[in-house]
Amino acid sequence: MQDFNIPQQLQLQLKTELGALNEILQRFEQMVTPLISEEQYWQCQIALAEGFTNAVRHAHKDLPLTTTIEVEVKVVPEYLEIRIWDWGQPFDLHAKLRELNCSLEDPLGQGEGGRGLFFMSKLTDELSYTRGSDARNCLVMRKYLRSKG
């Protein structure tokens, strides 16, 4: 793991299409692999992929493909933070997670409904979804970086 003091940041604006996920993941890998452990990388990569996929499939389901999704990744010595902004209808993330935890004996065996949220909540240390004053929603996922030892 490389020592760094200057925050590293990646910002992308992408169209609403699943094909854009490849670009995000390539740029994410280039930026973070020198900075975090392999385990943290895989956990955050899955969370990023699930968050972007949910924005395309659910939040932007009825919006034009030209509607942008903004993705920001920031790495500072204490944590890695992923922010994904969408233009869809807001929903109560924590209520949905409570519903999933109560209704699913095996979240992984229940098909696609809610599985991404389950992964994001288990693979990150903080997870929130809020509506901004600009009518966009922001999914925030934070992973605290602990030493490998």
Side-chain angles (χ1 to χ4, degrees), residues 1-61 63-88 90-91 93-94 96-97 100-101 104 106-149:
M1 191 157 60
Q2 178 179 333
D3 184 33
F4 64 98
N5 293 316
I6 300 170
Q8 303 292 312
Q9 191 163 324
L10 170 66
Q11 289 183 297
L12 299 168
Q13 283 197 340
L14 305 140
K15 292 181 182 174
T16 299
E17 56 188 21
L18 290 176
L21 184 58
N22 289 332
E23 178 184 353
I24 296 167
L25 294 179
Q26 287 174 356
R27 301 276 303 273
F28 178 75
E29 180 180 15
Q30 290 169 353
M31 179 185 144
V32 305
T33 53
L35 305 173
I36 65 175
S37 73
E38 187 175 348
E39 180 182 5
Q40 292 164 337
Y41 164 71
W42 286 110
Q43 291 170 343
C44 293
Q45 181 200 48
I46 291 167
L48 172 59
E50 292 293 343
F52 182 77
T53 300
N54 280 355
V56 171
R57 288 187 176 159
H58 302 292
H60 286 199
K61 174 175 64 172
L63 298 175
L65 294 178
T66 55
T67 306
T68 58
I69 297 171
E70 187 174 337
V71 176
E72 178 184 295
V73 178
K74 180 169 69 172
V75 184
V76 297
E78 298 81 25
Y79 61 84
L80 183 149
E81 185 174 87
I82 299 167
R83 292 179 177 258
I84 302 173
W85 286 272
D86 71 64
W87 294 95
F91 76 101
L93 171 69
H94 295 291
K96 184 67 174 173
L97 286 171
L100 286 170
N101 286 332
L104 300 180
D106 177 13
L108 301 179
Q110 296 293 319
E112 288 193 35
R115 193 170 31 193
L117 295 177
F118 173 79
F119 283 136
M120 287 184 277
S121 72
K122 297 299 180 192
L123 297 173
T124 61
D125 297 310
E126 293 180 21
L127 181 65
S128 66
Y129 187 75
T130 57
R131 184 76 160 184
S133 59
D134 62 356
R136 293 189 303 168
N137 306 301
C138 185
L139 174 68
V140 180
M141 297 177 279
R142 184 175 283 185
K143 179 75 171 174
Y144 289 101
L145 303 176
R146 296 170 184 91
S147 67
K148 291 183 186 181

| request: Applying side-chain contact (heavy atoms from CB on, under 4.5 Å), run through K96 and L117 and close with a yes or a no. | output: CA-CA 8 Å; K96 184 67 174 173; L117 295 177; 3.5 Å; yes
| request: Begin with the C-alpha distance, continue with both residues' side-chain angles, and end with the deciding distance and a verdict on side-chain contact (heavy atoms from CB on, under 4.5 Å) for F28 and V71. | output: CA-CA 10 Å; F28 178 75; V71 176; over 6 Å; no
Is there a donor-acceptor pair closer than 3.5 Å between any side-chain N or O of [X] and the backbone N or O of [Y]?
{"X": "K15", "Y": "A20", "value": "no"}
{"X": "N137", "Y": "G88", "value": "yes"}
{"X": "D125", "Y": "Y144", "value": "yes"}
{"X": "R57", "Y": "K61", "value": "no"}
{"X": "T68", "Y": "Q13", "value": "no"}

| Would L127 and L139 satisfy side-chain contact (heavy atoms from CB on, under 4.5 Å), going step by step from the backbone distance to the final call? | CA-CA 7 Å; L127 181 65; L139 174 68; 3.6 Å; yes
Would you indicate whether the side-chain heavy atoms of [Y] and [X] approach each other to under 4.5 Å?
{"X": "L25", "Y": "Q45", "value": "yes"}
{"X": "L123", "Y": "E50", "value": "no"}
{"X": "L48", "Y": "I84", "value": "yes"}
{"X": "L12", "Y": "R27", "value": "yes"}

| said: Under a 4.0 Å threshold between the charged nitrogen and the carboxylate oxygen, would K74 count as salt-bridged to E72? | reply: no
| query | How are the rings of F91 and Y129 set relative to one another: parallel (under 30°), tilted (30 to 60°) or perpendicular (over 60°)? | reply | tilted
| When rounded to the nearest 0.5 angstrom, what distance separates NZ in K122 from CG in L97? | 8.5 Å
| Applying the side chain to side chain contact (heavy atoms under 4.5 Å, CB included) test to D86, which of E70, H58, H60 qualifies? |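 Going through E70, H58, H60 one by one, the side chain to side chain contact (heavy atoms under 4.5 Å, CB included) with D86 is satisfied by H60 alone.
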Closest non-hydrogen atom pair between [X] and [Y], with its separation:
{"X": "V75", "Y": "M31", "value": "CG2-CE, 3.5 Å"}
{"X": "L145", "Y": "V76", "value": "CD1-O, 3.6 Å"}
{"X": "T124", "Y": "K143", "value": "CA-CD, 4.3 Å"}
{"X": "S128", "Y": "H94", "value": "CA-NE2, 4.3 Å"}
{"X": "L21", "Y": "A49", "value": "CD1-CA, 3.8 Å"}
{"X": "A135", "Y": "W87", "value": "O-CE3, 3.9 Å"}

| side-chain contact (heavy atoms from CB on, under 4.5 Å) assessment of V140 paired with E81 | CA-CA 7 Å; V140 180; E81 185 174 87; 3.9 Å; yes
